[in-house]
Number of protein chains: 2
Amino acid sequence: MSIQDNKIGVEMNRGFLQIMALLTLETPMYGYMMLRFIEKIGYSVEENTLYPMLRRLEKNGWISSRWDVEHDRPKKYYEITEEGKIIRNKLLSIWQIQNGVIAKLLKEVKNG
Amino acid sequence: MSIQDNKIGVEMNRGFLQIMALLTLETPMYGYMMLRFIEKIGYSVEENTLYPMLRRLEKNGWISSRWDVEHDRPKKYYEITEEGKIIRNKLLSIWQIQNGVIAKLLKEVKNG
DNA sequence: TTGACATACTGTGCGGCATACAGTATTTGT
DNA sequence: ACAAATACTGTATGCCGCACAGTATGTCAA
């Protein structure tokens with residue numbers, strides 16, 4: 001299925017999801033909990049997208065994890081690391097630059 | 001430049017560049033001209049990124065092209081199509097939703 | 001007048017990511 | 001008792017940003 005069908009938004013997640021995860025994990029959370037949380041704040045992520053991303057972010061050293069096996073089902077809690085905070089700020093600053101570019105272009109389009 | 005540091009910014013371009021191209025091509029432009037224009041408004045794209053993207057957007061039917069061979073060197077002018085405008089608006093609305101999510105999370109982190 | 005540099009493209013290939021698909025195991029609700 | 005929800009893991013696929021390589025014309029200084 002190609003992108004023009006109905007997957008138009010796929011590309012849009014690329015950078016955004018990382019920023020969202022790194023902001024969210026300021027508070028320790030496990031995967032399933034994040035899925036619910038993200039829906040609550042008005043977005044949605046595939047679990048097939050979130051879980052691999054969490055493993056990736058951990059591999060990068062941007063988040064760390066620990067298993068909680070003391071309550072009912074085992075849960076893997078993730079939390080942002082100090083390095084992760086640095087990355088998060090870099091990504092945020094790129095986001096803001098891009099947001100400024102879009103705003104500028106939108107203005108030009110409107111004014112003809 | 002921070003975007004090139006160690007690839008941290010790469011992912012950030014994914015959705016953004018398409019929005020930027022679709023907004024920019026409200027005015028017909030050729031590739032090299034876009035590169036200069038984008039720098040002028042405070043961003044930068046690799047030519048190795050822009051040219052393939054333009055071919056891709058055209059393949060999707062979101063932009064169209066025509067060769068100008070009447071002046072000096074041949075130039076391939078691109079322009080957004082009607083379908084492209086629809087896509088652009090969809091991408092823009094996703095961008096705005098994401099921007100809202102980030103703003104909300106940032107607030108929580110600060111107050112948390 | 002030559003050769004370095006800017007202009008203006010095309011084509012191929014690699015590695016990484018979002019997502020699909022498939023699967024495991026425990027807990028809760030009816 | 002059995003479905004649905006919870007909470008994960010692993011592998012495969014297609015698309016994209018960018019690297020690398022290449023073609024060809026125009027400009028300008030020595």
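Every chain is numbered from 1, with letters handed out A, B, ... down the list of sequences.
- Residues B:Gly31 and B:Tyr51 approach most closely at CA-CE2, 3.9 Å, considering heavy atoms.
- Note on A:Pro74: only backbone sugar-phosphate atoms sit closer than 4.0 angstrom, heavy atoms only; bases stay farther off.
- The phosphate of C:dT19 (OP1 or OP2) has a side-chain N or O of A:Asn13 nearer than 4.0 angstrom.
- Residue A:Lys75 places at least one side-chain N or O closer than 4.0 Å to OP1 or OP2 of D:dA7.
- The distance from atom NZ of A:Lys76 to atom C1' of C:dT24 is 15 Å, rounded to the nearest whole Å.
- To the nearest angstrom, C1' of D:dC16 lies 11 Å from CG of B:Leu57.
- Going from atom CZ of B:Arg55 over to atom P of C:dG11 covers 6 Å, rounded to whole Å.
- Set against C:dT19, D:dT9, C:dT10, the side chain of A:Tyr51 has D:dT9 as its closest nucleotide.
- Proximity of B:Val101 to A:Phe16: side-chain heavy atoms (C-beta onward) are separated by under 4.5 Å at one or more points.
- One interatomic measurement links the two molecules: CE of A:Met34 to P of D:dT6, which rounds to 16 Å at whole-angstrom precision.
- Checked by distance alone, B:Arg14 brings a side-chain donor or acceptor within 3.5 Å of a matching partner on the base of D:dC15.
- What separates CD of B:Glu11 from P of D:dC15 is a distance of 18 Å, to the nearest Å.
- Between A:Glu46 atom CD and C:dA20 atom P the separation is 5 Å, expressed in whole Å.
- The backbone N or O of B:Tyr77 lies less than 3.5 Å from no partner atom in the side chain of B:Ser65, so there is not a single donor-acceptor pair.
- Between B:Arg73 and the phosphate of C:dC9, there is no side-chain N or O to OP1/OP2 separation shorter than 4.0 Å.
- Following rounding to the nearest Å, A:Met29 (CE) and D:dC8 (C1') show an atom-to-atom distance of 18 Å.
- Between A:Tyr30 and A:Lys75, the shortest heavy-atom distance links the atoms CE2-CD, 3.3 Å.
- Residue side chain A:Asn48 reaches the base of C:dC21 through a donor-acceptor N/O pair under 3.5 Å, judged by distance alone.
- Closest contact between the side chain of B:Trp67 and the listed nucleotides D:dG17, C:dT19, C:dC9 involves C:dC9.
- The nearest whole Å value for the distance from the CZ atom in B:Arg56 to the P atom in D:dC15 is 11 Å.
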